[in-house]
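In what follows, chains carry the letters A, B, and so on, assigned in the order in which the sequence lines appear, proteins first and then strands, with residues in each chain numbered from 1.
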Amino acid sequence: MFSLFKYHLRSVLVRWRSTLATILGLALVIAVFILVQSLAAGIEKSSSNTGDPRNLLVTRQGALAETTSVITRDQFNIIRYLPGVARDATNQPIASGDVLIIINLPRNNGTGNANVMVRGIAPTGRALRPQASLVEGRWFAPGKREAVASRRLAGRMANLQVGQTFKTGGVELTVVGIFDGQRSAFDSELWIDADEARSAFDRPDYSSLLLRPESDEALLQLKKHLEGERRLKVKAVREVDYYKEQTRTAGPIKWLGNGLAIVMSIGALFAAMNTLYASVGARTREIGTLRVLGFRRRSILLGFLLEGAMLSGIGGILGCLLALPMHGYSTGTLGWETFTEVVFDFQITPLLAAKGIAFAIIVGLIGSFLPALRAARLPVISSLKAA
Amino acid sequence: MTAAPIVQIRALTKIFLQGEINVTALDSIDLSIESGEFLTLMGPSGSGKSTLLHIIAGIDRPTRGECIVQDRNIAALNESDLADWRNQNVGFVFQTFNLIPVLTAYENVELPLLLTQLSGKERRHLVTTALEMVGLDDRMKHLPKQLSGGQEQRVAIARALVTDPKLVVADEPTGNLDSHSANEVLDILRTLSRDAGKTVIMVTHDPKAAAYGSRTIHLEKGELVPN
Amino acid sequence: MTIPGFIVKNALRNKRRAALCVLSVAASLFLLVSLLVVLNEFTNPPEDVGASLRIAVRNKVSLATPLPVRQRPLIAKIPGVEAITALSFFGGKYKGEENTMFAQFAMDPEQLELVFGEAKLPREQLEAWIANRTSCIIGVDTAKRYNVKIGDKFQLIGQIYPVDLDLTVVGIYKGTTDDRNVFFHQKLLDELTGDLGQVGMWWIKARSPEEVPGVIDRINAAFTNTSAEVLAETERAFQLSFVSMWANIKVLISSICSVVVFALILVSASTMSMAIRERMRELSVLKALGFRRHELFAFILAESFGLAAVGFLLGAGGAWLLYSSVNAPTLTGGMFPTLDVTPRILAFSALVAAVLGVVSSLAPALAVTRMSVVDGLKTLD
């Protein structure tokens with residue numbers, strides 16, 4: 001078998017032009033597959049990367065996302081003083097009512113406007129979200145109409161750099177700092193003071209409530225208590241679980257990636273079959289010789305399958321390499337839950353790369369099967385006579 | 001054999017570049033061929049006989065020297081004039097027949113006529129005549145793979161004749177044939193020169209085949225061997 | 001036999017290869033057309049009849065911020081305004097569905113004919129809707145999809161609003177570009193939410209197209225420096241602002257398109273030129289018979305053009321047949337109301353096919369130029 005492998009390797013190199021084109025074609029298919037899937041992986045990663053497992057997020061029952069949730073001040077006060085909520089040094093409950101507002105801001109590349117999520121947040125809320133760390137400037141001071149933007153958002157929208165101002169809802173806000181959300185969902189947010197947000201956007205109520213229970217048991221008990229309390233009509237989930245659910249946007253992208261890969265690979269499949277048929281045709285006499293030398297039909301078949309797998313494997317690896325430069329590249333799209341711009345990275349995970357290569361090899365095996373069968377079935381004598 | 005020679009070759013040299021080395025395939029050859037001759041070129045492999053034939057037929061160019069066919073130095077013609085010239089003046093017969101496999105015997109013979117302005121009716125007449133001449137008028141609708149080797153070669157001869165060229169060149173026309181078929185083909189070629197006034201030039205290494213010719217020339221290492 | 005006959009016979013010589021060539025071109029063009037269709041749906045939302053007269057008014061903060069109901073009489077008084085309706089996006093879930101792909105709006109039923117005149121609804125159904133506060137009208141596509149008939153109950157679970165709706169279907173309309181939407185009374189929404197005095201948007205019909213820009217300016221000016229500044233824009237501009245939010249998806253799809261086109265040209269061109277390269281010997285026979293170089297070029301070009309053309313017919317034609325016969329909302333999970341293979345898309349993919357034909361004949365044509373007849377005759381494969 002091994003000697004045959006060498007034979008196939010060398011034969012492949014003889015027809016390097018069409019072989020190269022086939023490999024490159026397949027590489028492009030795989031690169032597209034990996035890139036599109038890496039978008040979905042990026043969204044999923046940014047979602048699964050968000051939150052602290054010790055936190056409990058309370059939203060209105062039936063609300064799909066924080067942006068459509070409402071927690072009244074009464075609810076806020078009832079919930080934060082419930083037993084089981086941790087207290088800070090001054091014996092205040094560690095709970096933060098957040099106000100989420102969607103505002104429409106221009107992009108910095110002139111491609112129109114995008115909806116941006118503004119989070120009105122109290123100091124406790126910042127403490128509960130240590131993932132967002134200040135990298136430039138300072139945090140906002142309450143009452144001074146100040147905002148802090150995530151670095152990634154600031155890179156995509158106009159007027160969000162430190163010192164710049166933007167107008168929304170009749171108020172003018174000044175950006176005084178930039179934070180890094182460390183590839184979490186907070187990377188898509190703009191933060192301002194909670195009370196200021198409520199007054200500036202005329203919101204009597206909060207959108208969501210994030211609290212820190214004393215312990216994990218306390219968390220489970222609080223969750224049970226809150227959801228069992230009919231009057232409150234709230235839903236309580238672990239903060240991490242809430243964000244894990246926020247991946248609806250990834251669904252259609254995955255679907256697109258798979259669909260593209262399948263149709264593209266059908267095209268590549270036909271081309272690969274053509275290359276391999278031509279290869280078999282040109283090597284008819286060699287195949288006859290191999291048979292005379294005592295190689296069985298099965299070895300011939302396996303050899304050509306191997307050739308196909310080898311070619312497509314190379315194509316797959318090449319595809320990964322083509323896609324790799326995009327790894328970590330930050331991009332954004334419209335999030336389906338919040339209807340705001342979601343900023344995330346292309347994430348080319350090892351699993352994704354392996355999937356891509358495996359996919360390529362499968363295409364190669366399918367594409368080489370019929371040509372290989374033809375090679376194996378060539379009658380010995382007449383193939384020897386072939387020109 | 002009264003008129004001027006149909007082919008006049010003077011100081012014809014052909015040098016191939018093989019890798020880094022120059023190989024002299026033809027070395028200053030002088031040769032004239034009379035109209036109506038059946039000339040056979042013999043010689044071992046690599047003697048230059050096929051190269052000489054190719055140059056006379058206008059599918060290869062000499063490095064130096066003249067090749068005057070019917071008062072024209074074909075070595076000086078440009079690519080597309082040469083193509084026209086071949087179409088009108090030369091009929092080819094190859095060792096491996098080189099029929100187009102997707103075309104029937106009739107269509108293969110008709111192929112060179114597609115380059116002419118002849119009407120369909122005229123073409124049909126010429127094709128039928130050519131096929132009758134090689135005795136295959138009953139095989140017109142057959143594809144090459146449905147014919148025997150000898151029949152295929154006869155179709156190839158008909159294709160060479162259909163444009164009524166003065167010159168018919170044949171490169172080992174019997175090389176791929178059994179002796180019976182070979183004799184049939186050689187008979188046809190002899191008839192062409194004897195009865196139809198064609199000049200036939202044939203490369204062969206089979207002395208029996210060469211015996212059909214009216215004159216035989218031997219080549220060795222690119223030079224003519226005196227008889 | 002004729003020259004075109006000869007070319008066709010030659011192209012079909014290796015039927016398997018010709019078929020594989022055509023199929024790979026067809027698969028790629030099918031994909032290209034599909035992507036372009038999706039891109040087109042993203043970029044050019046279908047335009048309604050009467051859209052040129054309509055103006056959408058939203059809160060300047062964003063679409064998600066409501067407008068105070070007190071604005072209505074002020075807007076109605078603005079010269080050039082013919083009709084005004086509230087339009088609040090309810091965004092509920094239908095029955096037990098995970099993703100509901102049709103939109104539901106609260107509006108003023110009396111204004112339907114005035115603002116959305118293209119919605120065809122029998123008069124008695126419209127009257128029934130106006131008369132019944134807990135009734136709704138639904139688009140014919142939604143009615144078909146869920147097999148809902150007049151008189152049926154229609155339940156929606158609120159996502160944006162903390163209320164659930166229990167509606168009765170009293171009418172089924174058609175004739176708009178998106179016959180999926182469900183409309184119910186703004187008054188019902190107000191009642192259930194406790195009369196907050198808020199609506200989602202205002203939709204306005206101007207008296208004439210000439211007055212639209214003036215009306216827009218006057219509305220925007222009317223609420224400057226109030227607590228609820230508004231953004232009035234034409235319906236088209238409003239739709240396109242949605243589109244612009246998809247900016248990256250558009251970039252993504254168009255870059256995929258270019259990769260697809262490139263891969264297609266690469267692979268198909270190589271296959272096609274391979275097919276021709278394997279006939280080098282025949283081409284040199286033709287050359288020996290007196291065919292000139294440009295005639296051989298023509299043969300090669302005609303053949304690769306022909307293969308590309310058949311691939312185009314199969315791929316683009318197939319896509320066209322498919323997308324014009326399938327139910328687009330069902331296929332895309334309700335994402336796109338239509339999948340239109342526009343003449344532009346067809347023309348573009350035809351152009352790609354033509355380029356493909358030329359590119360794939362380049363390599364063999366070049367080889368023919370370089371080939372000497374003698375070498376060509378020696379080529380065995």
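- A cation-pi arrangement is not found for C:R17 relative to A:Y277, the charged atom failing to lie both closer than 6.0 Å to the ring centre and inside a 45° cone about the ring normal.
- Rounding to the nearest 0.5 Å places CG of A:N104 at 9.5 Å from OG1 of C:T65.
- Within the 4.5 angstrom heavy-atom criterion, no atom of A:L269 approaches chain C.
- In this structure, the portion of A:K167 lying under 4.5 Å from any heavy atom of chain C is its side chain and not its backbone.
- C:K60 contributes atom NZ, which lies 12.5 Å from atom CD1 of A:I103 (distance to the nearest 0.5 angstrom).
- The shortest side-chain heavy-atom distance between C:F30 and A:V263 falls under the 4.5 Å cut-off.
- Proximity of A:M264 to C:L31: side-chain heavy atoms (C-beta onward) are separated by under 4.5 Å at one or more points.
- C:S24 and A:G267 make their closest contact through CB-O, 3.2 Å (heavy atoms, listed as atom of the first residue, atom of the second, distance).
- A search for salt bridge (charged side-chain N to carboxylate O under 4.0 Å, His left out) contacts involving A:K235 returns nothing, not counting sequence neighbours.
- With a 4.5 Å cut-off on side-chain heavy atoms, C:V61 and A:I101 count as touching.
- The line from CG of A:N115 to CG of C:L63 is 7.0 Å long, rounded to the nearest 0.5 Å.
- For a residue to count as touching a neighbouring chain, one of its non-hydrogen atoms must lie under 4.5 Å from one of that chain's; by this rule A:V32 touches chain C with the side chain only.
- For A:V29, no part sits under 4.5 Å from any heavy atom of chain C, backbone or side chain.
- No more than 12 heavy atoms of other residues, nucleotides or ligands sit less than 6.0 Å from atom CZ of A:R377.
- Contact of the C:C21 side chain with the A:N274 side chain is registered, since non-hydrogen atoms from C-beta on lie closer than 4.5 Å.
- Rounding to the nearest 0.5 Å places CG of A:L260 at 5.5 Å from CG of C:L35.
- Within 6.0 Å of atom CD in A:Q61, more than 12 heavy atoms from other residues, nucleotides or ligands are found, so the atom counts as buried in its surroundings.
- Rounding to the nearest 0.5 Å places OG of C:S28 at 9.5 Å from CZ of A:F270.
- In this structure, A:N113 CG and C:S62 OG are separated by 11.0 Å, a value rounded to the nearest 0.5 Å.
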